[in-house]
Peer 1: 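Below: one structure in structure tokens.
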Amino acid sequence: MIKYENVLTTCPYCGTGCGLHLQVLDQQLVGTLPAKNHVISDGGLCIKGWNAHAFVNHPDRLKKPLIRKNGKLVEAEWEEALALVAEKLGKIKTKSGPDSTGFLSSAKCTNEENYVLQKFARVVIGTNNIDHCARLCHASSVTGLAGSFGSGAMTNSIPEFETDTNCFLIIGSNTSETHPLIGTRILKGQKRGAKVIVADPRQNQIGQWADLYLEFRPGTDVALMNGMMNIIISEGLEDKQFIAERTEGFEEFKALMAEYTPEKVEGITGVPAEKIRQAARLFAMQKPSAVIYAMGITQHTTGVDNVKSTANLAMLTGNLGIPGGGVNPLRGQNNVQGACDMGGLPNVYPGYQAVTNEEIQKKFGEAWSCAGPTQVGLTVTEMVHEAGEGKIRALYIMGENPMVSDPDINHVRHCLERTDFLVVQDIFLTETAQLAHVVLPSVSFAEKDGTYTNTERRVQRVRQAIPPVGEARQDWEIICQVARKMSAAGFDFKHPREIMEEINRLTPSYGGITYERLEELASLQWPCPATDHPGTPYLHKGKFSRGLGKFFAVPFKEAAELPCEEFPLVLTTGRVMFQYHTGTMTRRSPKLEQEVPEAYVEIHPDDAVRIGLNGNKHVRLTSRRGVLEKVHVHVTDRINPGVVFMPFHFAEAAANILTNAAVDPVAKIPEYKVCAVKVEAA
Ligand code: SF4
């Protein structure tokens, strides 16, 4: 009988963090099976999880380092590539200073790898210029929820949706397509009797099962939530005891909410006043109620305002510090939570310890035997822009693909091409890697040990199932090798377990999350400050991280770019179930790629008539920043008139050629969800 080895690990796709077994035969990956009794996935997986193994042995895998010679990337030996990286980074630091180099860490890589890269940036180069794609998805959550509660993470846990929540407000989240196993938990909660309210500019998949569906004009989230809160206050449905005992700023907030009458909000959002009343009453009266949101809330120039409105709504109804309630931002990538936790951000060390705090500077200075940088560094969009200006001279990118994921890609290309030295560490020759001076081949999730932290702060093991493909190396190992070539101390780790031990010592919320405990308990949710602490399923019980929860009086503001005569439609972007992010892995997984193999744009039948589509199968899309010449068109009433939708996974018709790089003034997240476009029959 054929004997398979099944290696228990964590799904490499979305932030849900499902458990799966990689099936191995003679050191070859042959399949994926769900993990029975897993705390999140409980024996289930979505189609991406079932195909998690499919890209690992794709012939496109990078197997040797590449160095650009005479304009072409050619294969090289590791020794030559590492020496070149060390030499160039050293020279640029000496000549132009530490802040002339920038780093992108990775929401796909493990906690240990992200920890080592931020340590390299701060210790070896001496810069806080480190960021990653959390900036592009949930920077507004981190900033907004930290302002309201003192902690920027999802407050509650996924299993509570099935067992405790009585009302869901899902706003700006296509949950059953983007986080399918969370969608399943919500629908099981609905079967138990919970009510589901879905608010979205597009009739998304989970909206089909909603008890109440609110289809609103893109960019009017604050007005919609203010309208709900106006009704809750005017009908006396607020939780007066919770407000009095646990919050501050209520009176100023209440005064502003009085302005957002349901009729006025109907005029702004397009949602009938009566539906807003129904939603408000359901949410306030069916406790515990949970707000669930994703990038429909965060990716706006008003992203922080949107997030603060979700926090206001939860505090107003006393839905915090209890199981089944809370404010629940669903993080996109498998380890975007962990990459933030590990300090892959320009303003904080691991565990959100501020780089500007002198005590913290001293703590890390002593632990790392060096005085680290004290100024807040640049965000990803700032780094890319400054590369175009010649101020950032070197960029080191680990497992990210800004040539598809960032807004206004034409500008990104211009900036990356101007960089003196671009290093990309990845598993495939991505659109970004194609522009690099040196490409370092790293291993996939199936070839590494480490940990990921899912959207509900749950830390789980990633386990190596097969040897590295070709000459690919571990990301942490590559960074340590470059560090040692630059004569840096503190990069002698032999295994990710040793990196976690350093994380335990320096990161209070991870103090009790050790490999030994993860073997025994399978997972732990932070904060978990000591090895006798059980972890924390829901936050803010009895007291907020900042003491009192803070109400913010948030007025409605329009998006940065509105439709006009020349660009009369609003483009909003998002994901589809079968593809993931920039498609690097899913597009090399045959079963996933065959489901949705190309980009498309959804347009309402009325708009199709207006532009004279006339049965044409393709359209040209134009914004102020670029043109997509030939995009497949779907005519559907899933979308409102005046709005068009495009998934952003496809490099050959990249929606981000069109999107607006205008950012939220505080979180610096770009406004992917609203830009003005013209659509013509092609
Ligand atoms: Fe993987 Fe997310 Fe699907 Fe779970 S829901 S199997 S974590 S992609």
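All ligand and atom numbering here is 1-based and tracks the order in the structure. By convention here, the first residue in the shown sequence is residue 1.
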Peer 1: If you measure from the Lys or Arg side-chain nitrogens to the Asp or Glu carboxylate oxygens, is any gap between Arg497 and Glu516 under 4.0 Å?
Peer 2: yes
Peer 1: Can you check whether Thr155's main-chain N or O pairs, donor with acceptor, with Arg457's side chain at less than 3.5 Å?
Peer 2: yes
Peer 1: Just to verify, which of Glu520, Glu519, Glu112 counts as forming a salt bridge (charged side-chain N to carboxylate O under 4.0 Å, His left out) with Arg461?
Peer 2: Glu519
Peer 1: Suppose we only count N/O/S atoms under 2.8 Å; would His179 qualify as near atom 4 (Fe) of ligand 1?
Peer 2: no
Peer 1: State whether Cys46 contributes an N/O/S atom found under 2.8 Å from atom 2 (Fe) of ligand 1.
Peer 2: no
Peer 1: Give a yes-or-no answer on whether the side chains of Asn401 and Glu431 include a donor-acceptor pair shorter than 3.5 Å.
Peer 2: yes
Peer 1: Which atoms of ligand 1 have any heavy atom of Leu45 under 4.0 Å away?
Peer 2: 6 (S)
Peer 1: Between the side chains of Ser141 and Tyr293, does any donor sit under 3.5 Å from an acceptor?
Peer 2: yes
Peer 1: Find all atoms of ligand 1 within a distance of less than 4.0 Å from any non-hydrogen atom belonging to Tyr13, and give their numbers and elements.
Peer 2: 8 (S)
Peer 1: For the residue pair His634 and Tyr600, does the interplanar ring angle fall in the parallel (under 30°), tilted (30 to 60°) or perpendicular (over 60°) class?
Peer 2: parallel
Peer 1: Short list, please: which atoms of ligand 1 are under 4.0 Å from a heavy atom of Pro180?
Peer 2: 5 (S)
Peer 1: In terms of ring plane angle, is the pair Phe428 and His58 parallel, tilted or perpendicular, where the classes change at 30° and 60°?
Peer 2: perpendicular
Peer 1: Of all the atoms in ligand 1, which lie at a distance below 4.0 Å from a heavy atom belonging to Gly17?
Peer 2: 7 (S)
Peer 1: With heavy atoms of Gly49 as the reference, note each atom of ligand 1 found under 4.0 Å away.
Peer 2: 6 (S)
Peer 1: Tell me which protein heavy atom sits closest to atom 2 (Fe) of ligand 1, plus the residue, atom name and distance to 0.1 Å.
Peer 2: Cys14 SG, 2.3 Å
Peer 1: What are the atoms of ligand 1, with element, lying closer than 4.0 Å to any heavy atom of Cys18?
Peer 2: 4 (Fe), 5 (S), 6 (S), 7 (S)
Peer 1: Quick one: which ligand 1 atoms are inside 4.0 Å of a heavy atom on Cys11?
Peer 2: 1 (Fe), 6 (S), 7 (S), 8 (S)
